[in-house]
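Owing to the predicted nature of the structure, the values given are computational and were not obtained by experimental measurement. The analysis underlying the following values was restricted to heavy atoms, covering all of them including side chains, and did not include hydrogens, waters or symmetry mates.
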Amino acid sequence: MAAAAALGGLGLLRARLRLAAAAAATSAALGRTGHRAPPLRGGVAAALPSAGRSYGSQAKEEEELRVRYLDDEHKGIVVLGLNRSHAKNALSKNLVKMMSKAVDALKSDKKVRTVVFRSEVPGIFCAGADLKERAKMHSSEVSSFVSRARATINELGGTQRLPRTIGVSLAKELIFSARIVDGEEAKSIGLISHVVEQNEAGDAAYRRALALAREFLPQGPVAMRVAKLAINQGMEVDLVTGLAIEEACYAQTIPTKDRIEGLLAFKEKRPPRYKGE
């Protein structure tokens, strides 16, 4: 069985790195049994591993982070694949640097509609920070590494931190106990979105995430962007303020070419041709 969580646009994991210890209960632990996908909400698809085959162009086998721009019916979807098999995809300085560089490039690329964040290593998603590397760092290096790693993960986006995702009490329980949970329990507590039966190729979660990503492609990029903004900001305030934020976000879509194109496409019963403006 494999677990997957998927969402649209450019957003993902907003989990504190120090929650990686809890995510080691959830992340490494679940990863060991092949059940783990990260807690996501509102922006990127995350999935567990397959054999690391190339589903699109620009696959670099030697890199710790593989960046693939998919083609044909998947055009507009980019796959970021963690590929540190020897370290169970633990976050090293080099991997964080590569992730930061990739995210910066994707943010300015209007052709990118959805990002899938996955593991290329069978049986594991991410074991958290690379503690072996951390032990060799000078104390002055640790702070800057953690800050950069946190900033990179925050850039990936639309999710809330663990207590906001599953509630304060349950988050404390998982963090304090470092308990291992499987895919079914992770889904039951709202930590992940989907659990699917594993296939022979070992990439069932990725396939499910990719299918969800395809559902996001027809949607207007401007509308997706402001919807994420409304959700993320609305979660922080009361309902009345949240509704005001929603109204302000909707107003941003009214004068856009994307909105006009969407209305024309609906009227003409054809797929829209969005340009992200």
Side-chain angles (χ1 to χ4, degrees), residues 1-7 9-48 82 88-91 96 99 117-119 123-131 134 142-143 145-196 205 208-209 212 228-239 241-242 245:
M1 187 172 291
L7 353 182
L10 195 122
L12 194 253
L13 286 177
R14 267 179 116 188
R16 292 180 188 270
L17 279 186
R18 64 174 185 245
L19 286 183
T26 36
S27 152
L30 285 177
R32 282 195 297 270
T33 57
H35 290 299
R36 168 77 159 100
L40 305 181
R41 189 165 296 177
V44 175
L48 283 174
L82 297 176
K88 296 184 178 179
N89 287 339
L91 300 177
V96 168
M99 289 169 61
F117 194 78
R118 68 174 305 207
S119 169
I124 190 72
F125 181 73
C126 175
D130 190 333
L131 299 182
R134 177 84 62 84
V142 175
S143 179
F145 167 73
V146 171
S147 295
R148 182 169 189 177
R150 180 180 293 119
T152 300
I153 290 174
N154 284 346
E155 286 289 347
L156 292 171
T159 189
Q160 303 297 307
R161 304 188 193 284
L162 186 62
R164 297 176 184 273
T165 302
I166 65 175
V168 173
S169 296
L170 190 52
K172 287 181 179 179
E173 180 181 326
L174 292 182
I175 292 171
F176 298 164
S177 67
R179 190 175 79 241
I180 296 173
V181 296
D182 62 17
E184 291 291 352
E185 183 178 357
K187 184 176 185 298
S188 71
I189 64 177
L191 188 61
I192 59 175
S193 303
H194 300 275
V195 177
V196 294
R208 177 59 175 145
L212 289 173
K228 285 200 299 178
L229 181 65
I231 293 169
N232 293 343
Q233 293 190 356
M235 287 290 293
E236 305 293 332
V237 298
D238 60 87
L239 178 59
T241 306
I245 292 173

Visitor: If you take all heavy atoms of S119 and I124, which pair is closest and at what distance?
Guide: OG-O, 2.7 Å
Visitor: For S147, enumerate each residue passing the side-chain hydrogen bond (donor to acceptor under 3.5 Å, both in side chains) test, keeping only those at least two apart in sequence or located in another chain.
Guide: none
Visitor: Quick one: list whatever passes side-chain contact (heavy atoms from CB on, under 4.5 Å) with L131, sequence neighbours left out.
Guide: A129
Visitor: Counting only N and O atoms by type, is there a donor-acceptor contact under 3.5 Å from the side chain of D130 to the main-chain atoms of A90?
Guide: no
Visitor: With rounding to the nearest 0.5 Å, note down the distance linking NZ in K88 to CZ in F125.
Guide: 15.5 Å
Visitor: I'd like to know whether R134 forms a side chain to side chain contact (heavy atoms under 4.5 Å, CB included) with V146, so could you lay out the CA-CA distance, the side-chain angles of the two residues, the decisive distance to 0.1 Å, and finally the verdict.
Guide: CA-CA 10 Å; R134 177 84 62 84; V146 171; 4.0 Å; yes
Visitor: Less than 4.5 Å apart, side chain to side chain, heavy atoms only: is that true for E185 and D182?
Guide: yes
Visitor: Rounded at 0.5 Å granularity, tell me how far OG1 in T165 sits from CD1 in I189.
Guide: 10.0 Å
Visitor: If you compare all heavy atoms of F145 against all heavy atoms of V96, which two are closest, and at what distance to 0.1 Å?
Guide: CE1-CG2, 3.9 Å
Visitor: Could you pull out all residues at least two apart from Q233 that satisfy side-chain hydrogen bond (donor to acceptor under 3.5 Å, both in side chains)?
Guide: none
Visitor: Closest heavy-atom contact between I166 and L170?
Guide: O-CB, 3.8 Å
Visitor: Show the nearest heavy-atom pair for residues M99 and L82, with the distance to one decimal.
Guide: SD-CD2, 4.4 Å
